[in-house]
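I have placed the structure first, in the form of structure tokens, so that the comments after it can refer back to it.
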Protein chains: 2
Amino acid sequence: MNLSKINEDAMAGTASHALVGRLGHEHVADIVEFLNAKTAQEATDVVAAMPLPWAIEVLDQPQFHDACEVIEALPQEKAVALLEGMSADRVVDVLRWVDNEARARLRNGMTPETRVAIDHLLTFPEGTAGSLMTTEFVSVPSDWTVQQTLDHVRAVEGSRETIYAIYVLDPVTRRLINTVTLRRLISGAPDANITTVAQPYAPITVSPTLSREEVARTISKYDFLAVPVVDTTGHIIGIVTVDDVIDAMIEEQTEDVQRMGGMEAIDEPYLDISFLQMIKKRAGWLCVLFLSEMLTTSAMQVFSDELEKAIVLALFIPLVMSSGGNSGSQATSLIIRALALRDVTLRDWWRVALRELPTGIVLGSILGVIGIIRIAVWQEAGIFDYGEYWRLLAVTIGAALIGIVTFGSMAGSLLPFALKRLGFDPATASAPFIATLVDVTGIVIYFSVAWLFLHGTIL
Amino acid sequence: MNLSKINEDAMAGTASHALVGRLGHEHVADIVEFLNAKTAQEATDVVAAMPLPWAIEVLDQPQFHDACEVIEALPQEKAVALLEGMSADRVVDVLRWVDNEARARLRNGMTPETRVAIDHLLTFPEGTAGSLMTTEFVSVPSDWTVQQTLDHVRAVEGSRETIYAIYVLDPVTRRLINTVTLRRLISGAPDANITTVAQPYAPITVSPTLSREEVARTISKYDFLAVPVVDTTGHIIGIVTVDDVIDAMIEEQTEDVQRMGGMEAIDEPYLDISFLQMIKKRAGWLCVLFLSEMLTTSAMQVFSDELEKAIVLALFIPLVMSSGGNSGSQATSLIIRALALRDVTLRDWWRVALRELPTGIVLGSILGVIGIIRIAVWQEAGIFDYGEYWRLLAVTIGAALIGIVTFGSMAGSLLPFALKRLGFDPATASAPFIATLVDVTGIVIYFSVAWLFLHGTIL
């Protein structure tokens with residue numbers, strides 16, 4: 001890979017044409033990586049200087065960050081020629097992000113067929129099978145032979161996103177009736193009917209409104225290279241290919257991680273997003289959590305008399321509370337993934353609750369014992385004086401930990417179920433969200449336990 | 001899909017043979033889902049009653065949970081026949097999890113060729129390209145014609161995991177020199193040399209020791225259906241296919257989410273893992289976090305005199321601390337994903353720091369203003385009396401929030417870099433871990449700010 005050498009030349013200001021020549025025999029994915037490191041203006045110059053088929057290949061890559069900027073900046077004729085050559089699903093992706101004026105202008109330049117196809121794809125909301133699918137697939141009527149199909153595949157190969165799955169349609173109704181893989185097709189007897197090499201099971205399809213997560217699940221479950229998208233009348237309107245599903249999975253994972261981190265998902269690379277956007281995506285949830293967390297102050301105000309009498313109790317508040325938050329975030333993460341993987345379903349909530357109850361008690365007891373030892377050691381070693389009733393204080397901390405960790409585990413595990421039941425993404429049950437919930441309850445548990453054990457002594 | 005009907009019959013005790021007959025024309029993935037809902041004993045009975053090719057197909061699915069139990073429970077002869085028919089990478093997966101005695105027994109029953117292949121694959125550690133790869137790929141010497149290759153592909157189709165990528169070897173050294181896709185192959189002129197339809201770029205390969213994350217990145221970057229695994233001498237020793245990569249991605253994601261939740265990753269479904277295992281996976285990190293969080297108690301002990309003088313300060317400790325933890329967990333999640341996606345690299349740490357500093361200050365200021373308003377409203381409305389110096393207290397809370405949220409954002413964003421630099425998975429920079437770090441520092445910041453503003457009044 002000599003892209004770094006090429007890069008130096010680019011920096012030195014060599015003309016784009018010369019640069020294009022030298023990009024030579026690189027894989028398109030490497031060229032995209034190279035262009036992504038450039039400014040949008042530089043990328044536009046390089047793409048403009050490329051031979052058309054090559055530029056189309058570059059723009060077809062979803063990994064190419066500046067595709068919209070390039071398409072907007074290029075002369076109308078060139079831009080339209082590129083869009084005509086690109087795969088339909090990718091054109092839709094690009095057009096979704098260009099401004100309205102440019103979209104109208106580019107749309108007008110297209111051939112009527114492309115325009116109809118694009119307009120149709122644009123009707124499907126982002127993140128659905130319809131928005132991921134391409135209309136460039138291979139289909140043949142079920143009365144064709146293996147040889148006829150093979151000849152057809154050879155003829156259209158260049159203009160199809162994948163030819164590894166061939167869709168067999170009813171010759172009259174044109175409804176999807178079966179799927180043939182290319183590997184079975186090339187092994188079939190040339191004169192035999194195409195259905196002799198078809199899959200033995202009914203075609204597995206998805207609806208255009210299915211979420212990309214569900215499409216990914218279908219592709220991964222059946223180890224497909226592509227899955228057909230079928231409308232309510234049984235007609236195939238497109239296919240979603242495995243490479244698009246992988247990209248969608250990566251995007252989905254990014255969103256989940258960000259949501260679990262307690263913020264809105266951002267759809268641009270970290271260093272590209274504007275400062276204002278970044279604040280907007282983070283401030284919202286941070287404020288919600290802050291406002292909820294204010295309940296801790298209210299709770300503590302209720303117990304301020306107790307606190308005044310036994311200031312020593314304040315020392316352990318962060319320790320006890322954070323343990324509840326930590327056990328809650330463990331349980332939440334476990335259940336978010338278990339729900340996503342379908343290891344548990346909504347109906348399993350009581351099984352989960354029955355597991356988390358003893359788990360929380362055991363984990364809380366372990367921490368409780370450590371906490372009691374800590375107080376005893378500090379007291380006996382003379383590091384800090386917890387007062388006359390330090391033994392009772394230690395028992396209070398231990399008991400509070402059992403209560404709070406158990407509550408944390410229970411609440412953390414059940415919150416994703418509740419969110420899912422209400423139609424939200426369980427990943428929104430982010431660790432900070434559950435920590436806040438547990439914090440507030442934790443204070444109430446802590447002071448209640450303290451009152452129980454210390455009433456009549458220091459309280 | 002009439003699996004639920006079949007299920008009822010199974011429940012009613014219909015013999016496995018009859019059941020197998022009725023599973024009929026289901027996709028193997030659906031049969032696996034059906035078997036996963038059964039006990040290991042029931043699954044063994046059903047698999048034992050299946051025709052051999054069908055049973056092989058079922059066991060070949062990584063989604064089949066009970067494969068190890070079934071292989072262990074079946075008679076030696078049947079089990080060996082199944083293993084001989086399964087793909088090599090899957091056999092290795094299964095053998096990794098059966099007990100030593102069964103593994104030795106099954107290994108002895110295999111043909112010498114299978115044994116050698118399996119032993120070789122078993123040498124690669126779990127989670128590497130070597131452990132994911134299959135040795136069942138198609139390769140041809142570079143002096144063959146298109147037609148020769150096509151005939152060969154047709155002949156071996158049944159015994160290869162994928163035939164969509166064909167690997168072209170040097171006829172003498174047998175080193176990998178190029179790749180041909182099946183779609184290009186079927187479009188080639190029959191008499192032309194195979195290299196005429198080869199990819200125009202040098203073959204993109206992975207080493208057997210590469211992590212599965214990196215393999216996934218390669219497959220997704222280049223939109224491959226399979227990537228060749230090549231040893232240091234340039235010989236192809238296997239291929240990793242896209243379906244295995246998708247499974248690996250899903251597993252990796254589960255591990256990341258669980259690690260981010262502050263626990264060890266578990267490799268079994270939530271409801272299957274034993275109680276003791278569950279405690280083990282969670283207690284370790286929980287104790288580490290608990291012990292670290294004890295530093296908050298130590299920090300508060302240092303400030304216990306201040307606390308005694310101004311008990312009102314204790315009321316805001318949970319609020320102020322949790323805000324630092326929340327902003328830290330946002331920053332950590334952002335950077336974990338940005339590193340995973342290569343949006344930022346280790347060398348970008350200072351760019352990230354330069355972004356997080358103003359971000360933290362702005363976010364902290366927003367929360368600070370809300371905090372000040374909260375105190376003012378409660379005081380003026382007579383809900384709670386924060387004392388004579390409530391204005392100074394409000395300013396203290398506001399300033400402490402700016403300091404702590406800024407520290408949280410900075411620490412949260414830089415911790416993943418530090419972990420990666422030290423060779424750990426940045427996902428281990430879990431939200432609770434960063435929250436604990438920020439909690440301890442938060443107390444020091446809080447009391448320092450309080451001393452600064454309240455010294456001479458209530459302190």
Side-chain angles (χ1 to χ4, degrees), chain A residues 25 27 29 154 157 163-164 183 186-187 200-201 220-223 242-243 246 253-254 257-258 261-263 269-270 278-279 282-283 286 289-290 293-294 296-297 300-301 307-308 311 314-316 318-319 321-323 326 329-330 333-334 337-338 343-344 359 362-363 366-367 384 431-432 439, chain B residues 25 27 29 154 157 163-164 183 186-187 200-201 220-223 242-243 246 253-254 257-258 261-263 269-270 278-279 282-283 286 289-290 293 296-297 300-301 307-308 311 314-316 318-319 321-323 326 329-330 333-334 337-338 343-344 359 362-363 366-367 374 384 431-432 439:
Chain A
H25 293 294
H27 190 285
R154 283 199 182 105
E157 188 259 315
I163 58 164
Y164 295 130
R183 63 185 294 174
I186 64 161
S187 317
Y201 48 84
S220 94
K221 175 177 170 188
Y222 295 105
D223 292 346
V242 70
D243 52 310
I246 289 185
Q253 190 177 358
T254 302
V257 167
Q258 289 169 353
M263 57 178 294
Y270 176 84
M278 178 68 89
I279 297 287
R282 285 161 74 165
L286 214 52
L289 294 172
F290 186 73
E293 191 80 20
M294 277 183 179
T296 58
T297 305
M300 285 184 69
Q301 282 166 194
L307 207 55
E308 202 136 358
I311 194 80
L315 305 181
F316 296 95
L319 179 65
M321 269 176 32
S322 67
S323 300
N326 289 342
S329 102
Q330 287 188 338
S333 310
L334 269 174
R337 275 313 280 176
D343 286 345
V344 299
T359 306
V362 171
L363 290 174
I366 294 174
L367 297 191
F384 193 84
D439 279 356
Chain B
H25 292 294
H27 190 286
R154 283 198 181 105
E157 188 259 316
I163 58 164
Y164 295 130
R183 63 186 291 175
I186 64 160
S187 318
Y201 47 84
S220 94
K221 174 177 170 187
Y222 295 103
D223 292 346
V242 69
D243 53 308
I246 289 185
Q253 189 178 357
T254 303
V257 167
Q258 288 169 352
M263 58 177 294
Y270 177 84
M278 179 67 91
I279 296 287
R282 285 161 74 164
L286 215 52
L289 294 172
F290 186 73
E293 191 80 22
T296 59
T297 306
M300 285 184 70
Q301 282 167 195
L307 207 57
E308 204 136 355
I311 195 81
L315 305 182
F316 296 94
L319 179 65
M321 269 177 30
S322 67
S323 301
N326 289 342
S329 102
Q330 287 188 338
S333 310
L334 270 173
R337 275 314 280 175
D343 286 345
V344 298
T359 307
V362 171
L363 291 173
I366 296 173
L367 297 192
R374 158 70 161 75
F384 193 83
D439 279 357

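Residue numbers begin at 1 in each chain, while the letters A, B, ... track the order of the sequences. Computation of the quantities below employed the complete heavy-atom set of this structure, encompassing side-chain atoms and omitting hydrogens, waters and symmetry-equivalent molecules.
- Contact of the A:V242 side chain with the B:D243 side chain is not registered, since no non-hydrogen atoms from C-beta on lie closer than 4.5 Å.
- Classification of the A:Y201-B:H27 ring pair by plane angle, with boundaries at 30° and 60°, yields perpendicular.
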Exercise for review: Apply side-chain contact (heavy atoms from CB on, under 4.5 Å) to the pair B:I186 and A:I163, showing each step before the final yes or no.
Suggested key: CA-CA 11 Å; B:I186 64 160; A:I163 58 164; 4.0 Å; yes
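- With a 4.5 angstrom heavy-atom cutoff, B:N326 touches chain A via backbone and side-chain atoms both.
- Interface residue A:A338: only side-chain heavy atoms are found under 4.5 Å from chain B.
- Contact annotation for A:M278: only side-chain heavy atoms (C-beta onward) come within less than 4.5 Å of a heavy atom of chain B.
- With hydrogens and angles disregarded, no donor-acceptor distance shorter than 3.5 Å links the side chain of B:Y270 to the backbone of A:R337.
- Of the possible donor and acceptor atoms, none in the side chain of A:S187 sits under 3.5 Å from a partner among the backbone N and O of B:R154.
- Taking CG of B:D439 as the reference point, atom CE of A:M321 lies at 8.0 Å (rounded to 0.5 Å).
- For B:A314, the parts lying near chain A are the backbone and the side chain together; criterion is any non-hydrogen pair under 4.5 Å.
- Interatomic distance, CG of A:L289 versus CG of B:L319, reported as 11.0 Å (0.5 Å rounding).
- Both the backbone and the side chain of B:I246 come within contact range of chain A, with heavy atoms under 4.5 Å apart.
- If you take CD on B:Q330 and CE on A:M263, they are separated by 5.5 Å, rounding to the nearest 0.5 Å.
- Checking side-chain atoms of B:T297 against main-chain N and O of A:F316 turns up no donor-acceptor pair under 3.5 Å.
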